[in-house]
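Index from 1, following the sequence.
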Amino acid sequence: MKKLTPTFLSSFNKEIEKLDKISTESAPPRYWYSTGNYVLNRVISGNCEHGIPQGRITNLAGPSGAGKSFLAANLVKSAQEGGAFCLIIDSENALDDDFMTKIGVNTQDDSMYSYASVMTIPDVTKVVSTFLKGYKDQFGEDLDAPPVFILIDSLDMLMTETETENFEKGVTKGDQGQKNKQLKAMLRTFVQAIKDLNVVMVCTSQVYKNQDVLNGEGVWI
């Protein structure tokens with residue numbers, strides 16, 4: 001079997017390096033934030049000392065009452081201890097200042113903490129895009145830029161604009177198909193937006209017991 005010639009590969013590499021927004025480097029996360037649980041760190045990252053990686057989006061999914069918000073709050077504490085600014089985006093009013101303070105989070109220092117209560121998917125997109133635009137305008141993609149930790153708690157409670165309009169009309173009507181598409185589109189843009197930045201993003205979402213008996217017991221969706 002013939003192999004690609006070095007001449008061809010050299011030419012190819014030079015051409016793609018000229019393309020705008022195309023990277024030829026695949027770098028591992030520059031740092032991690034511990035979950036506070038060595039076993040969970042190992043499950044997530046393969047290392048007891050690691051946990052949640054820089055430049056990625058991590059989703060904490062589980063049933064109601066599993067401790068997702070508690071774990072997320074501990075991650076915020078870990079991030080602050082690592083010198084990160086923390087942006088909290090709360091759609092279910094679970095991360096009030098009293099709760100976060102009891103965990104050990106500093107909610108009073110504006111240089112370390114900012115909170116935004118949201119209702120809709122477009123709200124989250126606007127908050128994150130506005131923050132990241134200001135961050136990139138000031139620091140660009142400097143590897144030494146201040147670290148940032150963004151928490152979205154939770155994806156499940158976010159509404160579409162159609163659901164909001166229905167509520168204002170007094171109509172109880174879901175928009176699940178559109179909601180899933182909008183959530184996917186939002187997260188896809190966030191993945192691209194943070195991959196080269198000193199930003200860690202964590203989301204929470206809920207899983208539900210599958211009610212289809214044909215799927216058997218213990219199946220979560």
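- Checked against I150 for a side chain to side chain contact (heavy atoms under 4.5 Å, CB included), the options I57, V202, V199 give a single hit: V199.
- No side-chain donor-acceptor contact under 3.5 Å links K68 to the backbone of Q206.
- Side chain of Q80 to backbone of N106: a donor-acceptor contact under 3.5 angstrom is found.
- The backbone N or O of T101 sits nowhere less than 3.5 Å from a side-chain atom of D97 that would complete a donor-acceptor pair.
- Contact record, N93 with S117: OD1-OG, 3.9 Å, taken as the closest heavy-atom pair.
- Between the side chain of E15 and the backbone N or O of F12 there is no donor-acceptor pair closer than 3.5 Å.
- When every heavy atom of N41 is checked against every heavy atom of G51, the shortest pair comes out as OD1-CA, 3.6 Å.
- Not counting sequence neighbours, Y113 has no partner by the ring-ring contact (aromatic ring centres under 6.0 Å, His included) test.
- Follow the hydrophobic side-chain contacts under 4.5 Å out from M201 and you never reach Y33; the two are in separate clusters.
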Next item on the list: Determine, step by step, whether T160 and I121 satisfy the side-chain contact (heavy atoms from CB on, under 4.5 Å) criterion, reporting the C-alpha distance in whole Å, the side-chain angles of both residues, the deciding distance to 0.1 Å, and the verdict.
Entry: CA-CA 6 Å; T160 65; I121 297 170; 4.2 Å; yes
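- A centroid separation of 6.0 Å or more is found between the aromatic rings of Y135 and F85.
- A donor-acceptor pair is defined here as one N or O able to donate and one able to accept, closer than 3.5 Å; no such pair exists between the side chain of S205 and the backbone of L155.
- With hydrogens and angles disregarded, a donor-acceptor distance shorter than 3.5 Å links the side chain of Q54 to the backbone of L197.
- When hydrophobic clusters are built by joining Ile, Leu, Val, Met, Phe, Trp and Tyr residues whose side-chain heavy atoms come closer than 4.5 Å, directly or via intermediates, L132 is not grouped with F149.
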Next item on the list: Output, in order, the C-alpha distance, side-chain angles, deciding distance and verdict of side-chain contact (heavy atoms from CB on, under 4.5 Å) for D144 and F139.
Entry: CA-CA 9 Å; D144 293 323; F139 301 106; over 6 Å; no
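- Dense packing is recorded around CZ of R30, with more than 12 heavy atoms of other residues, nucleotides or ligands lying under 6.0 Å away.
- Here the CG-OG distance, from L40 to S45, works out to 9.0 Å after rounding to the nearest 0.5 Å.
- Judged purely by atom type and a 3.5 angstrom limit, K179 uses its side chain to pair as donor or acceptor with the backbone of L158.
- W32 and H50 have parallel rings, their planes meeting at less than 30° on a 0 to 90° scale where 60° marks the start of perpendicular.
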For a quick test of your reading: what N or O donor-acceptor pairs under 3.5 Å do the side chains of residues 189-196 make, sequence neighbours left out?
residue : atom : partner : partner atom : Å
T189    : OG1  : A185    : O            : 3.4
T189    : OG1  : M186    : O            : 2.6
Q192    : OE1  : K195    : NZ           : 3.0

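- Note on residues 120-137: pairs passing salt bridge (Lys or Arg N to Asp or Glu O under 4.0 Å), not counting sequence neighbours, are K133-D137.
- What you find for Y31 and V200 is that their closest heavy atoms are CE1-CG2, 3.9 Å.
- The nearest pair of heavy atoms linking T58 to P53 is OG1-CD, 3.6 Å.
- Summarising the geometry, atom CD1 belonging to I89 is positioned 10.5 Å from atom CG belonging to D153; distances are rounded to the nearest 0.5 Å.
- Side-chain contact between C203 and L187: present, with at least one pair of heavy atoms (C-beta onward) separated by less than 4.5 Å.
- Counting only distance, with no hydrogens or angles, the side chain of N198 and the backbone of A145 share a donor-acceptor pair below 3.5 Å.
- Under the 4.5 Å side-chain criterion, counting only non-hydrogen atoms from C-beta, L95 is in contact with L151.
- Judged by distance alone, the side chain of D96 and the main-chain N or O of D98 form a donor-acceptor pair under 3.5 Å.
- To the nearest 0.5 Å, atoms CE (M119) and CD (E161) are separated by 11.0 Å.
- Hydrophobic clustering (ILVMFWY, side-chain heavy atoms < 4.5 Å, transitive): V43 and Y38 are in distinct clusters.
- Between A72 and T204, the shortest heavy-atom distance links the atoms CB-CG2, 4.3 Å.
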Checklist line | Derivation of the side-chain contact (heavy atoms from CB on, under 4.5 Å) call for D90 and Y115 | finding: CA-CA 8 Å; D90 186 4; Y115 174 91; 2.9 Å; yes
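- Hydrophobic clustering (ILVMFWY, side-chain heavy atoms < 4.5 Å, transitive): F131 and M112 are in distinct clusters.
- The residues E17 and K14 are annotated as not salt-bridged, no charged nitrogen and carboxylate oxygen being separated by less than 4.0 angstrom.
- When all heavy atoms are compared, the tightest approach of A61 to V207 is CB-CG1, 4.1 Å.
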Notebook entry, point to check: Please walk me through it: do I88 and V105 pass side-chain contact (heavy atoms from CB on, under 4.5 Å)?
Noted result: CA-CA 11 Å; I88 311 304; V105 176; over 6 Å; no
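- Using a 4.5 Å heavy-atom threshold, the side chains of Q178 and T162 count as separate.
- N74 places none of its side-chain heavy atoms less than 4.5 Å from the side chain of T35.
- Of the possible polar contacts, none joining the S114 side chain to the L87 backbone as a donor-acceptor pair under 3.5 Å is found.
- Placement of L71 and I44 within a single hydrophobic cluster is found when ILVMFWY residues are connected by side-chain heavy-atom separations under 4.5 Å, directly or transitively.
- Going from atom CG of L60 over to atom OG of S69 covers 9.5 Å, rounded to the nearest 0.5 Å.
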